[in-house]
S.K.: 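Starting off with a structure, shown below.
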Amino acid sequence: MKPMIIGIAGGSGSGKSTFTNRLKDRFGDQVAVLYHDNYYRAHDNMPFEERKKLNYDHPDALETELLVEHLKQLKEGQAIECPTYNYSLHNRAKETIIVEPRPVILLEGILVLCDRQLRNMLDIKIYVDADADERILRRIVRDTKERGRDLENIIDQYLATVKPMHNIHVEPTKIYADIITNSGMNDVAFDLVSSKIQAYLDSIQP
């Protein structure tokens, strides 16, 4: 039985991770999670100061073609070696993560509805559409606590690339969504998706 693949998109800081984690907590080992952010391209030959200036919110920044291949492998029941990313160094890390196939695959990222080939692999497409002020505040908290960045760098990056790329490449993709929710904590949206997942899991039980 092929896995159910669910894409969870939306702007940076919109609540995608909250929604993803709630589903992961609800269904446990039945679910595998992939993060589009882990597929940022490697720039080993580029100096750190130049890597800092790259536009990480443009679709070209991500090795989506590798993600597509990995999803194909998972659909065929094969484990994958998922890349990881070091946000402090602005480069792909040497460490990888083994992801085993599961009945349900959650794919999270701001641009998961942008690429047509990737979009066509999704059984359910979700867009978390949070207020812009909430998104930037959450991004500041996340990037200072979890990614070791200073406030000035976060603000510069937001104004230079995050905000304009959101308007050009992220927000327009919500037209492809099956479900648009205003928050990762929206219980109605969560219950709808949970019901679809449970029905699918029940259908594949022997």
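Note that the coordinates shown come from a computational prediction; the quantities given were computed from them, not determined experimentally. Along the sequence shown, the residues carry numbers beginning at 1.
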S.K.: Taking only residues at least two apart or on different chains, which pairs with a member in residues 44-59 satisfy salt bridge (charged side-chain N to carboxylate O under 4.0 Å, His left out)?
M.R.: Glu49-Lys52
S.K.: Residues in side chain to side chain contact (heavy atoms under 4.5 Å, CB included) with Ala160, at least two apart?
M.R.: none
S.K.: For the atom pair CG (Leu34) and CG (Leu71), what is the distance rounded to the nearest 0.5 Å?
M.R.: 6.0 Å
S.K.: Arg142 side chain to Gly13 main-chain N or O, any donor-acceptor pair under 3.5 Å?
M.R.: no
S.K.: Could you go through residues 112-119 and list every donor-acceptor pair under 3.5 Å that involves a side-chain atom there, pairing it with any protein atom two or more places apart or in another chain?
M.R.:
| unit_1 | atom_1 | unit_2 | atom_2 | d |
| --- | --- | --- | --- | --- |
| Asp115 | OD2 | Gln117 | N | 3.1 |
| Asp115 | OD2 | Leu118 | N | 2.9 |
| Arg119 | NH1 | Leu113 | O | 2.8 |
| Arg119 | NH1 | Cys114 | O | 3.3 |

S.K.: I need the full list of ring pair (Phe, Tyr, Trp, His ring centres under 6.0 Å) pairs touching residues 169-206, with sequence neighbours left out, sorted by first then second residue.
M.R.: His58-His169
S.K.: What's the verdict on side-chain hydrogen bond (donor to acceptor under 3.5 Å, both in side chains) for Gln157 and Asn153, showing C-alpha distance, side-chain angles and the deciding distance?
M.R.: CA-CA 6 Å; Gln157 187 181 37; Asn153 174 261; 5.8 Å; no
S.K.: Just do the side-chain hydrogen bond (donor to acceptor under 3.5 Å, both in side chains) check on Arg26 and Ser194 with the steps written out, would you?
M.R.: CA-CA 8 Å; Arg26 168 71 176 79; Ser194 296; 4.9 Å; no
S.K.: Please round to the nearest 0.5 Å and tell me the distance separating atom CG of Leu67 and atom CG of Leu74.
M.R.: 9.5 Å
S.K.: Can you list every salt bridge (charged side-chain N to carboxylate O under 4.0 Å, His left out) pair that touches residues 148-163, not counting sequence neighbours?
M.R.: Asp143-Arg149
S.K.: Keeping to residues at least two apart or across chains, list the salt bridge (charged side-chain N to carboxylate O under 4.0 Å, His left out) pairs with something in residues 170-185.
M.R.: Lys125-Asp178, Asp129-Lys174, Glu171-Lys174
S.K.: Using the test side chain to side chain contact (heavy atoms under 4.5 Å, CB included), find all partners of Asp25 that sit at least two apart in sequence or belong to another chain.
M.R.: none
S.K.: Once side-chain hydrogen bond (donor to acceptor under 3.5 Å, both in side chains) is applied, what residue pairs with a partner in residues 95-107 remain, sequence neighbours excluded?
M.R.: Glu81-Thr96
S.K.: Got a salt bridge between Arg138 and Glu134, using NZ or NE/NH1/NH2 to carboxylate O under 4.0 Å?
M.R.: yes
S.K.: Go through the structure and list residues passing ring-ring contact (aromatic ring centres under 6.0 Å, His included) with Tyr85, not counting sequence neighbours.
M.R.: Tyr40, Tyr87
S.K.: Give every residue pair that meets the ring pair (Phe, Tyr, Trp, His ring centres under 6.0 Å) criterion with at least one member in residues 16-36, sequence neighbours excluded.
M.R.: none
S.K.: Excluding sequence neighbours, so at least two apart, what forms salt bridge (Lys or Arg N to Asp or Glu O under 4.0 Å) with Arg41?
M.R.: Glu65
S.K.: Can you tell me which residue pairs pass the ring pair (Phe, Tyr, Trp, His ring centres under 6.0 Å) test with a partner in residues 61-84, sequence neighbours excluded?
M.R.: Tyr39-His70
